[in-house]
J.: 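Following this message is one structure expressed as structure tokens.
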Amino acid sequence: MTPNGDIWIWAETTTEGGLSETALELLARARPLADKRGSRVKALVISDSVDDAQVAILAAGGADKIVVFESPELRYFAVAPYAACLETVVRDDTPEIFLAAATYAGRTLAPYVAARVRAGLTADCVELDIDSETGELLQTRPAIGGNIMATIKTPTARPQMATIRPNSTPIPMPDKSRKAHISRRQLPSPLPSPEGRRVSFVPSESCSLKNADKVVVVGRGIGKPANIEPFAEFAESIGAALGATREVVDRGWLPYSHQIGLSGKTITPKLYVGFGVSGAIQHLAGMRSAETIVAINTDPAAPIFQVADFGIVGDAMAFLPALKKPLDTKEAAR
Amino acid sequence: MRIAIPIKQVPDTKSVRLDESTGTLVRDGIESIVNPLDLYAIELALQARERLDGETTAISMGPPKAEEALREALAMGIDHAVLATDRTFAGSDTWATAKVLAETIRYHGAPDLVICGERATDGDTGQVGPALAAFLGLPVAAYVNSVKKISRNSITVSKLLEDGEETVELPLPALITVVKEVAVPRLPTLSGKRRAISADILIVSNDNLRLPDSELGLKGSPTRVAKTFTPKATRECVNRTAATAEEAIPAARDLMAFLNDRGIRLSSEASQ
């Protein structure tokens with residue numbers, strides 16, 4: 001036993017039953033904190049079945065121990081039974097820290113449980129640090145529409161819970177030499193039924209936006225809804241997903257599922273190209289950690305240029321045809 | 001059918017400015033509005049009332065000034081308004097806020113359905129809705145983007161998950177949090193505005209709720225803000241101007257060369 005409480009993560013599973021990528025992101029967050037504190041990393045899996053391959057992935061990702069609640073009734077995420085499992089852990093294992101991804105499920109389960117066990121909970125963190133002496137978790141998150149960053153701590157309540165913004169953590173190379181113990185736990189008795197009857201599930205036509213390497217985003221500066229099409233075509237031609245600013249979505253030019261920003265999705269693609277995007281702070285909060293940011297906008301003072309790597313001052317519609325011309329390398333070399 | 005809609009008055013974040021020297025928010029002259037994401041919850045409640053008959057109550061916790069937000073809800077057509085306001089509520093984090101809202105909702109009378117906006121645009125946590133469900137002991141569906149069916153006994157909703165949309169049927173009473181796709185908020189009518197001006201708002205303090213001090217305000221909040229700071233930004237930006245079609249060609253060429261240097265091609269693998 002180590003004297004300090006452990007750092008737990010919720011290794012979320014997808015609707016298909018596989019491990020969510022966020023499990024590895026959370027392990028990447030937890031591992032250095034545990035090393036600094038001298039505590040262990042434990043991964044909680046709630047699922048209908050957990051196989052050896054998944055255990056190996058979590059071990060290689062940094063988990064020291066994998067704690068599993070397994071039952072056919074836990075096949076799909078539901079608040080009541082999942083909360084009962086997590087509460088069992090909080091009661092029996094007294095985690096010092098519990099991290100979940102700020103996914104739809106994580107942002108539902110974590111506050112529900114935090115309310116019931118009276119834990120401190122910080123939403124949507126983008127940075128974490130730990131006081132190695134006290135184990136106090138320093139949780140940094142954007143607030144007030146991304147205008148400020150706030151560092152939150154939980155002085156006395158335990159566990160210290162936080163949700164971590166997905167796609168905000170680089171995943172290190174797996175360390176296949178790492179081994180982890182697996183512990184299958186007895187289910188809470190009685191296991192609460194799911195709160196609702198699952199009627200149907202429609203997979204997103206493309207989950208591509210969040211995982212896309214390249215994202216083309218249209219802002220109000222493209223002028224009118226009829227102008228969406230050429231940008232959508234361009235996105236497709238370069239293998240990019242299509243995103244939009246809140247203004248575009250609020251005007252009904254594209255559905256909400258395309259929205260990037262604080263009230264939409266957070267993305268960290270290799271390439272972000274913003275057409276007619278001015279860069280409202282709430283939009284920047286959802287894309288500023290993209291690897292390379294290109295912006296095309298008529299206003300040279302637009303805030304998007306402050307986070308861009310390459311900025312073009314000009315009209316997005318007028319500029320697009322130039323981009324569609326294939327790069328002539330001979331000409332470029334001249 | 002009794003429907004409760006917890007709402008929050010927030011600063012209009014579009015107009016929030018930062019004092020560059022102190023890194024603090026300039027609050028002077030900032031307009032207060034109803035949390036824009038709560039308008040979708042209000043609209044959904046009004047639609048449900050129109051279909052099923054019943055009454056809607058907007059509930060807020062905040063300073064006396066938060067009454068303005070409640071009057072706006074009344075102007076949109078909400079029937080009743082309750083304001084939980086007490087000095088001891090100040091400094092509440094999401095845990096303590098949800099606690100007071102839960103007790104206020106109970107105090108006003110158990111609802112059949114609670115509809116929350118997915119989050120408030122100032123705190124941006126989205127934690128109060130699910131926490132409220134926990135305190136009220138209600139089944140919860142969060143991030144609902146469409147209501148498929150609603151009756152006196154159940155509600156069928158589709159909700160967002162990372163990899164798709166799940167449709168679930170919840171027994172009532174229940175709590176849902178909704179995203180903006182769920183409804184298009186109506187504008188207040190003139191008669192609604194007139195009614196809102198004189199409508200009674202039920203004021204609730206801790207004399208009514210009788211929550212222990214240890215669960216109130218800053219003291220009752222597990223979390224503390226340790227510090228705030230301005231996000232540091234800025235990358236080295238290469239700038240080009242493309243005011244005309246002639247300028248666009250070389251600018252595009254420079255861009256592609258720039259991306260090429262970073263190992264990015266502006267073409268899909270298939271077309272190469």
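For the numbers below, each heavy atom of this structure counts, side chains included, while hydrogens, waters and symmetry mates do not. Proteins get letters first, then strands, A, B, ... in listed order; numbering begins at 1 in each.
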J.: Contact part of Ala308(A) toward chain B, heavy-atom cut-off under 4.5 Å: side chain, backbone, both or neither?
T.: both

J.: Contact part of Thr298(A) toward chain B, heavy-atom cut-off under 4.5 Å: side chain, backbone, both or neither?
T.: neither

J.: Tyr272(A) vs His283(A) aromatic rings, parallel, tilted or perpendicular, using cut-offs 30° and 60°?
T.: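 Tyr272(A) and His283(A): tilted rings.
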
J.: Counting only heavy atoms closer than 4.5 Å, note whether Val294(A) contacts chain B via side chain, backbone, both or neither.
T.: side chain

J.: Looking at Thr125(B), Leu132(B), Thr177(B), Thr156(B), which has the largest count of heavy-atom pairs under 4.5 Å with chain A?
T.: Thr125(B)

J.: Checking heavy atoms, do the side chain of Glu215(B), its backbone, both or neither come under 4.5 Å from chain A?
T.: both

J.: Of the listed residues (Pro139(B), Cys237(B), Ala242(B)), which shares the most heavy-atom pairs with chain A below a 4.5 Å separation?
T.: Cys237(B)

J.: Could you tell me whether Asp124(A) and Arg107(A) have a side-chain N and a carboxylate O separated by less than 4.0 Å?
T.: no

J.: Determine whether the side chains of Gln139(A) and Thr122(A) contain a donor N or O and an acceptor N or O closer than 3.5 Å.
T.: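 Yes - a donor-acceptor pair under 3.5 Å links their side chains.
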
J.: Need one label for Asp250(A): side chain, backbone, both or neither, based on atoms under 4.5 Å from any heavy atom in chain B.
T.: side chain

J.: Side chain, backbone, both or neither: which part of Leu138(B) has an atom under 4.5 Å from a heavy atom of chain A?
T.: backbone

J.: Does Ser92(B) reach the side chain of Met61(B), with side-chain heavy atoms less than 4.5 Å apart?
T.: yes

J.: Listed by residue number, which members of residues 155-162 of chain A have a heavy atom under 4.5 Å from any heavy atom of chain B?
T.: Pro155(A), Ala157(A)

J.: Checking side-chain contact (heavy atoms from CB on, under 4.5 Å) between Asn145(B) and each of Lys159(B), Lys180(B), Glu165(B), which is the one that passes?
T.: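 Answer after filtering Lys159(B), Lys180(B), Glu165(B): Glu165(B).
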
J.: Does some side-chain heavy atom of Ser257(A) sit less than 4.5 Å from a side-chain heavy atom of Lys265(A)?
T.: yes

J.: So does Arg197(A) pair up with Glu169(B), basic N to acidic O under 4.0 Å?
T.: yes

J.: Quick one, Leu161(B) and Phe201(A) - any side-chain contact, counting heavy atoms below 4.5 Å?
T.: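 Yes, close enough: below the 4.5 Å cut-off.
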
J.: Where on Arg224(B) is there a heavy atom nearer than 4.5 Å to chain A: the side chain, the backbone, both, or neither?
T.: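 Contact with chain A involves both backbone and side-chain atoms of Arg224(B).
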
J.: Is Ser193(A) close to chain B through its backbone or its side chain, or both, or neither, when contacts mean heavy atoms under 4.5 Å?
T.: neither

J.: Crowded around Glu21(A) CD? As in, over 12 foreign heavy atoms under 6.0 Å?
T.: no

J.: Please classify the contact of Leu284(A) with chain B as side chain, backbone, both or neither, using a heavy-atom distance under 4.5 Å.
T.: neither

J.: With only heavy atoms counted, which part of Glu166(B) is less than 4.5 Å from chain A, the side chain, the backbone, both or neither?
T.: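 Both parts, backbone and side chain.
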
J.: Which heavy atom in Asp12(B) sits nearest to a heavy atom in Ile30(B), and how many Å separate them?
T.: N-CG2, 3.9 Å

J.: Is Trp95(B) close to Thr223(B) at the side-chain level, that is, under 4.5 Å between some pair of heavy atoms?
T.: no

J.: Who pairs with Arg119(B) by salt bridge (Lys or Arg N to Asp or Glu O under 4.0 Å), at least two apart in sequence or on another chain?
T.: Asp124(B)

J.: Give, as side chain, backbone, both or neither, the part of Ala280(A) having an atom under 4.5 angstrom from any heavy atom of chain B.
T.: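 The answer is neither part of Ala280(A).
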
J.: Please flag which part of Ala245(B) lies under 4.5 Å from any non-hydrogen atom of chain A: side chain, backbone, both or neither.
T.: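 Neither part, no heavy atoms under 4.5 Å.
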
J.: Any side-chain heavy atom of Pro269(A) within less than 4.5 Å of one from Asp213(A)?
T.: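 A side-chain contact is absent here, since even the closest heavy-atom pair is not under 4.5 Å.
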
J.: Based on non-hydrogen pairs under 4.5 Å, which of Leu37(B), Thr244(B), Thr94(B), Asn239(B) is most in contact with chain A?
T.: Asn239(B)

J.: Establish, from distance only, whether the side-chain atoms of Glu12(A) and Thr103(A) form a donor-acceptor pair under 3.5 Å.
T.: yes

J.: Which of the residues Gly120(A), Gly311(A), Ala123(A) is involved in the greatest number of heavy-atom pairs with chain B at under 4.5 angstrom?
T.: Gly311(A)

J.: So which of Ala243(B), Pro222(B), Ala251(B) has the largest heavy-atom pair count under 4.5 angstrom toward chain A?
T.: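 Highest number of heavy-atom pairs under 4.5 Å: Pro222(B).
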
J.: For Val179(B), which atoms come within 4.5 Å of any heavy atom of chain A: side chain, backbone, both, or neither?
T.: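 The side chain, not the backbone.
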
J.: With sequence neighbours excluded, tell me which residues meet salt bridge (Lys or Arg N to Asp or Glu O under 4.0 Å) with Asp129(A).
T.: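 Scan of Asp129(A) (salt bridge (Lys or Arg N to Asp or Glu O under 4.0 Å), adjacent residues dropped) gives Lys36(A).
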
J.: Are Leu216(B) and Val100(B) packed together at the side-chain level, in the sense that at least one heavy-atom pair is separated by less than 4.5 angstrom?
T.: yes

J.: Please classify the contact of Arg141(A) with chain B as side chain, backbone, both or neither, using a heavy-atom distance under 4.5 Å.
T.: side chain

J.: Of the listed residues (Ala174(B), Ser221(B), Ala142(B), Ala248(B)), which shares the most heavy-atom pairs with chain A below a 4.5 Å separation?
T.: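 Answer, by heavy-atom pair count under 4.5 Å with chain A: Ala248(B).
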
J.: Heavy-atom pairs under 4.5 Å with chain B - which of Leu271(A), Asp315(A), Leu121(A) has more of them than the others?
T.: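 Going by pairs under 4.5 Å, I would pick Leu121(A).
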
J.: So which pairs with a foot in residues 128-156 of chain B pass salt bridge (charged side-chain N to carboxylate O under 4.0 Å, His left out), sequence neighbours left out?
T.: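 Passing the test, one end in residues 128-156 of chain B: no pairs.
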
J.: Measure Ile264(B) against the heavy atoms of chain A and call it side chain, backbone, both or neither at under 4.5 Å.
T.: side chain

